[in-house]
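A quick write-up on the structure given underneath.
Everything quoted here is computed from the prediction, not taken from an experiment. These values consider heavy atoms only, across backbone and side chains, with no hydrogens, waters or symmetry-generated copies. Proteins get letters first, then strands, A, B, ... in listed order; numbering begins at 1 in each.
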Protein chains: 2
Amino acid sequence: MHELHTVAFDGDDTLWHHETVYQYTHERFRTLIERHVPHADVDGRLHATEMRNLKMFGYGVKGFTLSMIETAIELTDGAIPAEDIGELIDWGKEMLAHPVELIDGVVATLDALAPHVRLMLITKGDLFDQESKIARSGLADRFAHIEIVSVKDAQTYRRCLAKHGLSPKGFLMVGNSMRSDVMPVLGCGGQAVHVPYDVTWVHERVDDDRLPEGAWRLERLDQLLPLVERLRQAA
Amino acid sequence: MHELHTVAFDGDDTLWHHETVYQYTHERFRTLIERHVPHADVDGRLHATEMRNLKMFGYGVKGFTLSMIETAIELTDGAIPAEDIGELIDWGKEMLAHPVELIDGVVATLDALAPHVRLMLITKGDLFDQESKIARSGLADRFAHIEIVSVKDAQTYRRCLAKHGLSPKGFLMVGNSMRSDVMPVLGCGGQAVHVPYDVTWVHERVDDDRLPEGAWRLERLDQLLPLVERLRQAA
């Protein structure tokens, strides 16, 4: 075992609530569309639009809002009034302005880890929106490095590690997504902790039962400190 | 004089054409709106919407597209058909997919500077869009450091310099915007070269006649090499 030097955290749905805001907007979107087209497959069609646009828009609220508008036009066959589309834009703005609510145990966990390891934040999404969230979270000063990335694959993690001269062996990533926070980190020789969020976006789900070597799963973030202590003692 | 160690470039409208794509979309937007509302102040209203939304959306095509939609709904008093709004989204996608066309002299200038100074790219805008543009520009390998930032103020430049351990005195920023590339760099003790682009977004304009100490203005990028040589000899 190599000595653990860095614990990196994902932002959305790991340090602060995020998916709940999306879920709420999904619900409102369903209600709005069903006023025009009852029994439409709103969720399925919106997801399909998002996937189609991902290569063009990347992740984030602005792209999501554009995908909602596109889906609304398609599902209503162009019958949706402009007023309703204006409402979709307002929802996007509400999402962007939504207060950043920290997940239980975040501050205590970061404070307890700080004396022992380097703390890092690696968050995916829209630069402007993520910067604003990090500022509003009040957590920025707790991290030695903050990286906002557009995609979380092994190459991204390799670049982040190299940039700060960190060896993957002593690097532990903590996040709610197997696909974005766990698998790619293992792929470049690091370790990872999966802390599932109650609601996890369908695109982020992988078969959770197979937990590969170098990965752990915790139910809550406040269980992280004992795990890190164990890993440091085993080193 | 301190020895020049780093020459940093802005991206949009400094290394590659950008504003031309926006101008073209503005033109199409004017034409579309005037079909519904002749003699509307389309440019003025779109600009006002963009400024109002800037704090929420930041810079970039996705925010611009949402602002176009919002303006279209307002100017037509909700009468714009969904089909036309769908077209606005398509324009946004066209802008995002538009080929990255380098400005004349870019490659030769970078290659000529490379043996003498560290080259850096500091570009503002949407993370996903800028990463895609940098990749498509084919220039990424030429830069020692690439920074994509959401806003270009003195604090941003200070952070970028500190991050890479660069002293402001030997730092020269090259860009088309007085407001984003020149003034804030002078503000933190660096030097800057203003290379105006033919078309400059109204929000980026400042009174160009007053060129403060530590700043130069060139008509074309291929005039940069002689200036850098002069500055290096004077050091």
Side-chain angles (χ1 to χ4, degrees), chain A residues 36 49 52-90 92-97 123-132 134-135 145-151 156 159 163-164, chain B residues 36 49 52-90 92-97 123-132 134-135 145-151 156 159 163-164:
Chain A
H36 301 283
T49 312
R52 201 171 59 223
N53 288 340
L54 200 55
K55 260 178 113 160
M56 201 68 97
F57 294 158
Y59 295 89
V61 171
K62 286 176 287 183
F64 173 73
T65 307
L66 287 167
S67 289
M68 272 203 297
I69 297 173
E70 197 177 311
T71 308
I73 296 172
E74 279 177 19
L75 278 172
T76 64
D77 220 356
I80 187 162
E83 198 189 346
D84 285 359
I85 292 176
E87 207 172 327
L88 299 181
I89 295 181
D90 288 341
K93 289 183 185 174
E94 279 177 39
M95 291 172 82
L96 289 169
T123 176
K124 179 180 74 180
D126 187 82
L127 182 63
F128 191 78
D129 186 21
Q130 288 292 332
E131 281 182 355
S132 159
I134 294 166
H145 309 299
I146 295 177
E147 297 289 339
I148 301 171
V149 298
S150 63
V151 67
T156 302
R159 207 183 53 222
K163 187 171 169 182
H164 301 292
Chain B
H36 301 283
T49 311
R52 202 171 59 224
N53 288 340
L54 200 56
K55 260 178 112 161
M56 201 69 97
F57 294 158
Y59 295 89
V61 171
K62 286 176 288 183
F64 173 73
T65 307
L66 287 166
S67 289
M68 272 202 298
I69 298 172
E70 197 177 312
T71 307
I73 297 171
E74 278 177 20
L75 278 173
T76 64
D77 220 356
I80 188 161
E83 198 189 346
D84 284 359
I85 292 176
E87 207 171 327
L88 299 181
I89 296 181
D90 288 341
K93 289 183 185 173
E94 279 177 40
M95 290 172 82
L96 289 168
T123 175
K124 179 181 73 181
D126 187 83
L127 183 62
F128 190 79
D129 186 22
Q130 288 291 333
E131 281 182 354
S132 159
I134 293 165
H145 309 299
I146 295 177
E147 297 289 339
I148 301 171
V149 298
S150 62
V151 66
T156 302
R159 208 183 54 222
K163 189 171 171 183
H164 302 291

Note: vs chain B, highest number of non-hydrogen pairs under 4.5 angstrom among Ile80(A), Leu66(A), Leu88(A), Asp77(A) is Leu66(A)
Decide if atom CD of Glu83(B) counts as having more than 12 heavy atoms of other residues, nucleotides or ligands within a radius under 6.0 Å.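 For Glu83(B), atom CD is not crowded (no more than 12 foreign heavy atoms under 6.0 Å).
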Interchain contact, Lys55(A) with chain B, by part (heavy-atom threshold 4.5 Å): backbone
Please classify the contact of Val151(B) with chain A as side chain, backbone, both or neither, using a heavy-atom distance under 4.5 Å. neither
For chain A, which of Leu96(B), Thr65(B), Thr76(B) has the most heavy-atom pairs under 4.5 Å?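 Highest number of heavy-atom pairs under 4.5 Å: Leu96(B).
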Which residue out of Val61(B), Asp84(B), Ile73(B) racks up the most heavy-atom pairs below 4.5 Å with chain A?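 It is Ile73(B).
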Heavy-atom closest pair (Gly78(B) atom, Ala82(A) atom, distance to 0.1 Å) is O-CB, 3.4 Å
Is there a side-chain contact (heavy atoms from CB on, under 4.5 Å) between Phe57(B) and Asp129(A) once you walk through the steps? CA-CA 8 Å; Phe57(B) 294 158; Asp129(A) 186 21; over 6 Å; no
Measure the shortest side-chain to side-chain distance between [X] and [Y] over non-hydrogen atoms and say whether it is less than 4.5 angstrom.
| X | Y | result |
| --- | --- | --- |
| His145(B) | Lys163(A) | no |
| Leu127(B) | Asp126(A) | no |
| Lys93(B) | Asn53(A) | yes |

Pair Ile89(A)-Ile69(B), side-chain contact (heavy atoms from CB on, under 4.5 Å): steps then yes or no: CA-CA 9 Å; Ile89(A) 295 181; Ile69(B) 298 172; 3.6 Å; yes
Candidate pair Met56(B) and Phe128(A), rule side-chain contact (heavy atoms from CB on, under 4.5 Å), full reasoning: CA-CA 8 Å; Met56(B) 201 69 97; Phe128(A) 191 78; 5.8 Å; no
Can you tell me how far CD of Glu70(A) sits from CD1 of Ile85(B), rounded to the nearest 0.5 angstrom?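 Going from the CD1 atom of Ile85(B) to the CD atom of Glu70(A) covers 12.5 Å.
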